[in-house]
Visitor: 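Starting off with a structure, shown below.
For the numbers below, each heavy atom of this structure counts, side chains included, while hydrogens, waters and symmetry mates do not. The first residue in the sequence is number 1, and the count goes up from there.
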Amino acid sequence: MMSKNFTSAEDISPKKRPETVTSSREESRKDVKETVASKNPTSLAPKKGMQLSKKKGPESQPVVETVTKAREEEIIKEAHEEHRVNPLKEPVTVEILEKMNCSMTRDGVVTSFEVVGEVLIEFHDPSKTNSTISLDHENLKSFNIKPHPSLNRALWNSSATLAPKEGGEGFPCFSKFSTIKWRYASSEVNDVPFQFTQWQTKDSLTLEVEFNGNQKRFASLTNLDISFTVTSKDKPTVASIEASEYEIKGSKFIWRINQLDQNTSQANIAITFPPSVDINDLYPFDVSLISENNFYPIKVREAINLNESTPLKVQTIRSCLLYTSPSPRDRQKSRMPSSA
């Protein structure tokens with residue numbers, strides 16, 4: 001069955017928002033007044049204090065629009081509406097994000113495998129930012145874990161707890177903050193969640209992907225896309241396909257495997273090309289996937305609000321993405337690089 005609407009996994013940069021807001025209307029009004037008078041307005045108050053505009057016509061002169069009392073009230077209201085605390089939402093979100101980068105030969109031999117990850121936290125309630133978040137993780141020397149310089153390093157080393165340095169003002173609010181990062185590198189085939197094999201003739205290519213049951217990091221893979229570039233006049237045809245689907249979208253031939261695990265352990269496709277196509281020019285392939293598991297096992301143990309000495313509810317988001325950085329000059333490798 002051919003899919004018509006699917007996209008590759010990619011990182012979405014969050015919209016930048018102010019780190020803190022005041023809790024009372026009076027303090028907010030004071031901040032807005034200071035913002036209007038400042039040459040460098042903060043992100044909390046939109047840049048609407050002083051605006052330059054021009055009248056239509058060649059003889060127009062700049063007109064300065066001052067902020068009236070009514071407009072000041074509107075700015076305060078907009079700021080409160082934008083950062084209103086949702087009582088139904090957990091006060092903090094913890095996102096565990098990993099990206100894998102794998103290079104292997106056409107015969108499936110792994111030449112390099114790298115995992116980079118980070119834990120991002122975002123507070124949604126300014127009254128909860130003075131908190132600690134403790135994590136459970138494997139203390140493996142092969143994973144080079146580094147906490148952010150603004151965190152309490154001694155507390156992290158002793159109990160894997162994320163907390164600002166002593167005397168700090170708490171975590172940022174309304175924006176994602178990267179707390180720790182890690183990196184892992186190897187060339188072991190059993191680190192890669194799938195195995196890739198290809199059979200090539202002069203005018204045909206058969207590809208097979210098999211779930212790697214020898215690795216223990218991933219229980220399943222979803223939306224595994226393998227794609228390469230084709231021209232409009234040299235489009236290939238599919239002779240056979242199993243446990244997967246394909247689509248030719250613009251200049252991309254996309255082979256998608258929706259699910260790969262112990263039960264659905266392999267998928268294959270046989271593709272025929274016109275005589276004008278040199279199959280060697282198709283390499284390297286772009287590969288992307290999504291996994292609900294992280295390569296590096298890490299999870300939230302507890303979160304404590306220090307002001308009230310009470311537990312915090314935490315929403316956890318996990319994402320493990322395969323990404324690729326293909327090199328057109330590398331004709332002997334399929335690059336398979338892999339964003340709670």
Visitor: Nearest heavy-atom pair of S131 and P164: which atoms, and what distance?
Guide: O-CD, 4.0 Å
Visitor: With no hydrogens and no angle check, is any side-chain donor or acceptor of S244 less than 3.5 Å from a backbone partner on E242?
Guide: yes
Visitor: With under 30° as parallel and over 60° as perpendicular, where do the rings of F273 and F228 fit, or are they tilted in between?
Guide: tilted
Visitor: Taking the six-membered ring for Trp, is the centroid-to-centroid distance between Y296 and Y184 below 6.0 Å?
Guide: no
Visitor: Determine, stepwise, if the pair D191 / V115 fulfils side chain to side chain contact (heavy atoms under 4.5 Å, CB included).
Guide: CA-CA 10 Å; D191 280 336; V115 179; over 6 Å; no
Visitor: Quick one: does F174's side chain get under 4.5 Å of P126's, heavy atoms only?
Guide: yes
Visitor: What verdict does the side-chain hydrogen bond (donor to acceptor under 3.5 Å, both in side chains) test give for D125 and S127, after you've listed the backbone C-alpha separation in whole Å, the side-chain angles of each residue and the deciding distance to 0.1 Å?
Guide: CA-CA 5 Å; D125 185 341; S127 67; 2.8 Å; yes
Visitor: Got a second to check how far L120's CG is from S175's OG, nearest 0.5 Å?
Guide: 10.5 Å
Visitor: State whether the side chain of T179 and the backbone N or O of V119 hold a donor-acceptor pair below 3.5 Å, judged by distance alone.
Guide: yes
Visitor: Which pair of heavy atoms, one from N294 and one from F218, lies closest together, and at what distance?
Guide: C-CE2, 4.4 Å
Visitor: Indicate yes or no for a side-chain donor-acceptor contact from K176 to the backbone of T93 under 3.5 Å, with no hydrogens or angles considered.
Guide: no
Visitor: Closest heavy-atom contact between S319 and E95?
Guide: OG-OE2, 4.3 Å
Visitor: Would you indicate whether E166, at its atom CD, is surrounded by more than 12 heavy atoms from other residues, nucleotides or ligands within a distance under 6.0 Å?
Guide: no
Visitor: Under 4.5 Å between side-chain heavy atoms, counting indirect links through other Ile/Leu/Val/Met/Phe/Trp/Tyr residues: same cluster for I304 and L312 or not?
Guide: no
Visitor: Measure the shortest side-chain to side-chain distance between P147 and I180 over non-hydrogen atoms and say whether it is less than 4.5 angstrom.
Guide: yes
Visitor: So how far is it from N268 CG to W255 CH2, rounded to the nearest 0.5 Å?
Guide: 6.5 Å
Visitor: Specify the closest pair of heavy atoms between F177 and S150, including all atoms of both residues, with the distance to one decimal.
Guide: CZ-OG, 3.4 Å
Visitor: Check for a donor-acceptor pair, side chain of E302 on one end and backbone N or O of P311 on the other, with a separation under 3.5 Å.
Guide: no
Visitor: Do the side chains of R301 and L135 get nearer than 4.5 Å, heavy atoms only?
Guide: no
Visitor: Minimum heavy-atom separation for A303 and V314, please, with both atom names.
Guide: CB-CG2, 3.5 Å
Visitor: Does D261 offer a backbone N or O that forms a donor-acceptor pair with the side chain of T264 under 3.5 Å?
Guide: no
Visitor: For the pair L282 and T229, evaluate side chain to side chain contact (heavy atoms under 4.5 Å, CB included) and give the outcome as yes or no after the intermediate values.
Guide: CA-CA 7 Å; L282 302 177; T229 302; over 6 Å; no
Visitor: Please check if the side chain of Q215 supplies one atom and the backbone of R217 the other of a donor-acceptor pair under 3.5 Å.
Guide: yes
Visitor: When you look at NZ of K252, are more than 12 heavy atoms from neighbouring residues, nucleotides or ligands closer to it than 6.0 Å?
Guide: yes
Visitor: Roughly how far, to the nearest 0.5 Å, is CG of L207 from CD of Q200?
Guide: 9.5 Å
Visitor: Please determine whether side chain to side chain contact (heavy atoms under 4.5 Å, CB included) holds for the pair E245 and N258, giving the CA-CA distance in whole Å, both sets of side-chain angles, and the decisive distance to 0.1 Å.
Guide: CA-CA 8 Å; E245 58 192 25; N258 290 312; 3.6 Å; yes
Visitor: Are Q198 and Y283 side-chain neighbours, meaning at least one heavy-atom pair lies under 4.5 Å?
Guide: yes
Visitor: Taking N305's backbone N and O only, do any of them form a donor-acceptor pair with T310's side chain (distance below 3.5 Å, no angle check)?
Guide: no
Visitor: Which distance, rounded to the nearest 0.5 Å, do you find between the OG1 of T129 and the CZ of F171?
Guide: 9.0 Å
Visitor: For the ring pair (Phe, Tyr, Trp, His ring centres under 6.0 Å) test, which of W182, W156, F143 pairs with H137?
Guide: W156
Visitor: Could you please spell out the steps behind the side chain to side chain contact (heavy atoms under 4.5 Å, CB included) verdict for E308 and K128?
Guide: CA-CA 9 Å; E308 303 172 359; K128 309 295 185 183; 3.6 Å; yes
Visitor: Nearest 0.5 Å please: distance from the CD1 atom of I254 over to the CD atom of E247.
Guide: 5.5 Å
Visitor: If you define the side chain from C-beta out and look only at heavy atoms, does anything of F196 sit under 4.5 Å from V287?
Guide: no
Visitor: Output yes when a side-chain donor or acceptor of T197 lies under 3.5 Å from a complementary backbone atom of E208, and no otherwise.
Guide: no
Visitor: Taking all non-hydrogen atoms of both residues into account, name the closest pair between S291 and S220 and its distance.
Guide: OG-O, 3.6 Å
Visitor: Just by modelled atom types, is the V277 backbone N or O under 3.5 Å from a matching donor or acceptor in the D234 side chain?
Guide: no
Visitor: I'd like to know if the side chain of S265 reaches the main chain of Q262, judged simply by a donor and an acceptor atom lying under 3.5 Å from each other, with no hydrogens or angles considered.
Guide: no
Visitor: When rounded to the nearest 0.5 angstrom, what distance separates CD1 in I269 from OH in Y246?
Guide: 7.5 Å
Visitor: Are I298 and L155 linked, directly or through intermediate hydrophobic residues, by side-chain heavy-atom contacts shorter than 4.5 Å (ILVMFWY only)?
Guide: no
